[in-house]
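Below: one structure, written as structure tokens.
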Amino acid sequence: MKNIEPQILPSPGHAEVRIIAHTPEAARAVAEALRHCFAGAEQRSYPGLHGDTRLHLTVDTAAPAGPARSWLATSRTPVGAGAHSDET
């Protein structure tokens with residue numbers, strides 16, 4: 001049986017993001033894009049098992065910055081609306 005480490009949930013209003021990329025530059029580019037949209041805490045970078053890069057960061061979804069603020073406001077599903085036909 002495989003030993004699975006318990007995951008600690010981020011605090012309310014925050015999300016843990018895991019980025020796996022072929023190069024450190026690609027992982028950093030994605031993290032930078034997220035930081036333009038959400039306030040974020042420190043990022044942690046780890047070497048992957050197959051020469052890839054794994055980058056973990058925490059973002060604050062309760063206080064989105066710039067583009068995310070308007071995107072989040074317009075992307076929320078109206079009350080009473082169901083899934084789109086292509087989402088079933």
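Numbers for residues simply follow the sequence, beginning at 1. Since this is a predicted model, take the numbers as computed values, not measurements.
Taken to the nearest 0.5 Å, the OG1 atom of Thr23 stands 8.0 Å off from the CZ atom of Arg28. The distance from atom CZ of Arg54 to atom CG of Leu49, rounded to the nearest 0.5 Å, is 5.5 Å. Note that CG of Leu57 is 9.5 Å distant from CZ of Arg18, once rounded to the nearest 0.5 Å. One finds the OG1 atom of Thr58 at 3.0 Å from the CD atom of Glu16 (value rounded to the nearest 0.5 Å).
When all heavy atoms are compared, the tightest approach of Ala26 to Ala21 is CB-CB, 3.8 Å. Pairing each heavy atom of Ala27 with each of Thr53, the nearest pair is CB-CG2, 4.1 Å. Here the closest heavy-atom approach between residue Phe38 and residue Thr61 is recorded as CD2-CA, 4.1 Å.
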Verdict with reasoning, Asp60 to His14, per side-chain contact (heavy atoms from CB on, under 4.5 Å): CA-CA 4 Å; Asp60 182 352; His14 291 78; 3.7 Å; yes
Determine whether His36 and Glu32 satisfy the following criterion, side-chain contact (heavy atoms from CB on, under 4.5 Å), listing intermediate values before the conclusion. CA-CA 6 Å; His36 282 293; Glu32 183 64 24; 3.2 Å; yes
In sequence, state the C-alpha distance, the side-chain angles, and the governing distance for Val17 and Leu34, and then conclude on side-chain contact (heavy atoms from CB on, under 4.5 Å). CA-CA 9 Å; Val17 179; Leu34 286 170; 3.7 Å; yes
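Side chains of His56 and Arg44: a donor-acceptor N/O pair is absent below 3.5 angstrom, by distance only.
Checking side-chain atoms of Ser45 against main-chain N and O of Leu55 turns up no donor-acceptor pair under 3.5 Å.
Using a 4.5 Å cut-off between side-chain heavy atoms of Ile, Leu, Val, Met, Phe, Trp and Tyr, with links allowed through other members, Ile20 and Val30 fall into different hydrophobic clusters.
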